[in-house]
Amino acid sequence: MDRVFMLCMAVAGLLFAAACDKEEIMSTPMEWSVENMTPESVVCEGPSPGYIPKYYFRANGDEGEIVMTCNNYDVLNPISGNSDTYDSGWATIKVEANQLKIHFPYNTSGAPEVSESITLTANDDKNMVQTIIVLFRTFEKGEQPDPQPEPLPDEAKFKIVQAGFTPLMQLDSRLPAPLDLITFRITDVNDKYTASGFPEFTQYYDSIVWNADGFPHTLRIYESKATAEGSETHLATQWGSHFFKSGTIKNHLKGYRNGKVEYETSLDMTLHERDFMGLDWSMVVLLNPKNPTVYCRLDTDYEYQVNDIVAKDGNPFSKIIPVNHKLIQDSDFPAVARKAIITLMDNNVGEGRSAKGKEILFKCLPDEGMEAELYWENKTSRMLMLHQLANNPDGLAQNMYYLHAEPK
């Protein structure tokens, strides 16, 4: 009888244990979302596979902050006993409803590496589920972002302003064009212009440099440097330049100190096309025509002589002639001049076409001693690139390229 009783009790115990295992298996594992507030100082690894999730956090000596939220249990049990907070000295863990907040206080003492394993629990109707948090800490200082420079005071700031322009051929024009002389000034941040001396803002820089988008060169308008004799300081508070293209050009002034840009300001300037660049066919010079040289301080590869608009048999025309400002040998300059004309026209009218048969459209071409190579036109003007040969009646240099322009 006792044997039968003991056997029955054993079978009942096995069935009870199986039922408990079944209930435990039926429990839903804890599901977590992790928000790492300080990824530069804490790395999260996990969860590991298995019925009990494991999360690993590796922290350096910088301050760190992690927030974990249990998505499928509303309330977490206390960490140990009746306490919702656990403090190891190098990490603090706090339970708030379904959230776990982990804080790593700043500690770069270089102490040996430490670790800690904490078990979190929650209950459903009948069972308890678990998550294991494993913390590692090295107490080494992580990489810190470069300190931000102190903002510049207003007295260190400056502006670039367009002070005016001188139209080509002294035209009465309210809008500047590419071949006009554009004048710039540097002022302080309150638009105050100092014509002579050194404004206060120059004390903050080794140099101030002017450049513009789409132009290959720069101009140093301020420089302070040490020399064998002491120091030299130069400042151009006002300067001028022509431009070889129309449209809106963004100008920049950059203040450098120790090779780095400490401050930058900009100015958008719009140059308007006349009939052709700076030429206006309504303006014909009857007496004392001039042939000014135009230059661009931000594109020093080329310079051009722009002839005033004159007339032949009542028909106006003009010439634009590349200038040998770099004193290139006469035998080599024609190729440079040809490129200078093509570059000028590419920037303003577009790619040239064959000039074959186009000569008949022009009224003021030389009678002999020239070859027309390329042709352009816009709404009001026609242009030819001419190859000037020897013994031309105009008296131009042998083997010379220039641009001839006439109104339509």
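Computation of the quantities below employed the complete heavy-atom set of this structure, encompassing side-chain atoms and omitting hydrogens, waters and symmetry-equivalent molecules.
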Any sub-3.5 Å donor-acceptor pair from N107's side-chain atoms to F139's backbone N or O?
-> no
Set of residues satisfying side-chain hydrogen bond (donor to acceptor under 3.5 Å, both in side chains) with respect to N36, sequence neighbours excluded = none
Does the side chain of T69 come under 3.5 Å of the side chain of Q99 through a donor N or O and an acceptor N or O?
-> yes
Short side-chain to backbone donor-acceptor contact, H325 and T300, under 3.5 Å = yes
Salt bridge between R58 and E45, side-chain N to carboxylate O under 4.0 Å?
-> yes
Validation row: N251, L253 side chains within 4.5 angstrom (heavy atoms) | no
Between the side chain of T92 and the main-chain N/O of D87, is any donor-acceptor distance below 3.5 Å?
-> no
Closest non-hydrogen contact found for K254 with Y256 is O-CD1, 3.6 Å
Note: M383 and L403 closest approach over all heavy atoms is CB-CD1, 4.1 Å
Where do D180 and P167 come nearest, in terms of heavy atoms and distance?
-> OD1-CA, 3.3 Å
Close side-chain approach of P176 and Q162, heavy atoms under 4.5 Å = yes
Would one find more than 12 heavy atoms of other residues, nucleotides or ligands at under 6.0 Å from atom CD of E113?
-> yes
Check I309 against S318 and note the closest heavy-atom contact, atom names and distance.
-> CG1-CB, 4.1 Å
d(E264 CD, H252 NE2) to nearest 0.5 Å is 6.0 Å
Point-to-point distance, once rounded to the nearest 0.5 Å, from OG1 of T293 to CD of E303 | 6.5 Å
Check the side chains of H387 and N399 for a donor-acceptor pair under 3.5 angstrom, ignoring hydrogens and angles.
-> yes
Tightest non-hydrogen contact, residues P316 and P407, listed as O-CD, 3.3 Å
Going by heavy atoms in the side chains, are P178 and K245 under 4.5 Å from each other?
-> no
Backbone N or O of K363 within a donor-acceptor pair of the E406 side chain at under 3.5 Å?
-> yes
Quick one: closest heavy-atom pair of L384 and A355, and the distance?
-> CD2-CB, 3.7 Å
Taking everything shown except N71 itself, do over 12 heavy atoms lie less than 6.0 Å from its CG?
-> yes
Under a 4.5 Å cut-off applied to non-hydrogen side-chain atoms, are P322 and N324 in contact?
-> no
Please check if atom CD in Q203 has more than 12 non-hydrogen atoms from other residues, nucleotides or ligands closer than 6.0 Å.
-> yes
Is Q170 atom CD crowded by more than 12 heavy atoms from other residues, nucleotides or ligands, each under 6.0 Å away?
-> no
Decide yes or no on side-chain contact (heavy atoms from CB on, under 4.5 Å) for V129 and T28, but give the supporting numbers first.
-> CA-CA 8 Å; V129 292; T28 303; over 6 Å; no
Return all side-chain donor-acceptor pairs below 3.5 angstrom for residues 336-343, not counting sequence neighbours, or 'none' if the list is empty.
unit_1, atom_1, unit_2, atom_2, d
R338, NE, E373, OE1, 3.0
R338, NH2, E373, OE1, 3.2
T343, OG1, K339, O, 2.8

Residues which pass side-chain contact (heavy atoms from CB on, under 4.5 Å) with D280, listed by chain and number, not counting sequence neighbours = L171, R274, D275, S282
Can you tell me how far CG of N60 sits from OG1 of T38, rounded to the nearest 0.5 angstrom?
-> 8.5 Å
Residue pairs passing the salt bridge (Lys or Arg N to Asp or Glu O under 4.0 Å) test with at least one member in residues 156-175, sequence neighbours excluded, are D154-K157, K159-D191
Side-chain donor-acceptor pair present, Y55, T131, cut-off under 3.5 Å = no
Report the residues that fulfil salt bridge (Lys or Arg N to Asp or Glu O under 4.0 Å) with K54, sequence neighbours left out, ordered by chain and then residue number.
-> none
When you look at CG of D330, are more than 12 heavy atoms from neighbouring residues, nucleotides or ligands closer to it than 6.0 Å?
-> no
Please answer whether the main-chain N or O of F244 pairs with a side-chain N or O of N348 as donor and acceptor at a distance below 3.5 Å.
-> yes
Do M400 and I321 come close enough that some side-chain heavy atom pair is under 4.5 Å?
-> yes
In terms of ring plane angle, is the pair F243 and F184 parallel, tilted or perpendicular, where the classes change at 30° and 60°?
-> perpendicular
One should read off an interatomic distance between M283 CE and D308 CG, to the nearest 0.5 angstrom, of 7.5 Å
Is the backbone of C70 close enough, under 3.5 Å, to the side chain of N98 for a donor and an acceptor to pair up by distance?
-> yes
Short question: side chain of R137, backbone of W90 - any donor-acceptor pair under 3.5 Å?
-> yes
V310 side chain reached by C364 side chain, heavy atoms, under 4.5 Å | no
First locate atom CG of L76, then atom CG of N123, and finally report the distance between them rounded to the nearest 0.5 Å.
-> 10.5 Å
Which one of Y222, Y263, F158 satisfies the ring-ring contact (aromatic ring centres under 6.0 Å, His included) criterion with Y205?
-> F158
Between N378 and T380, is there a donor-acceptor pair closer than 3.5 Å when you use the side chain of the first and the backbone of the second?
-> yes
Has the side chain of R297 got a donor or acceptor atom that lies under 3.5 Å from a matching backbone atom of G240?
-> yes
Hey, is the main chain of E273 close enough, under 3.5 Å, to the side chain of S246 for a donor-acceptor pair?
-> no
Beyond-backbone contact of S241 with I182, side-chain heavy atoms, under 4.5 angstrom | no
Y56 vs F136 aromatic rings, parallel, tilted or perpendicular, using cut-offs 30° and 60°?
-> parallel
State, with a plain yes or no, whether a side-chain heavy atom of S381 is found less than 4.5 Å away from one of W281.
-> yes
Residues forming a side-chain hydrogen bond (donor to acceptor under 3.5 Å, both in side chains) with T248, sequence neighbours excluded = T270
What distance do I320 atom CD1 and N291 atom CG have between them, rounded to the nearest 0.5 Å?
-> 11.5 Å
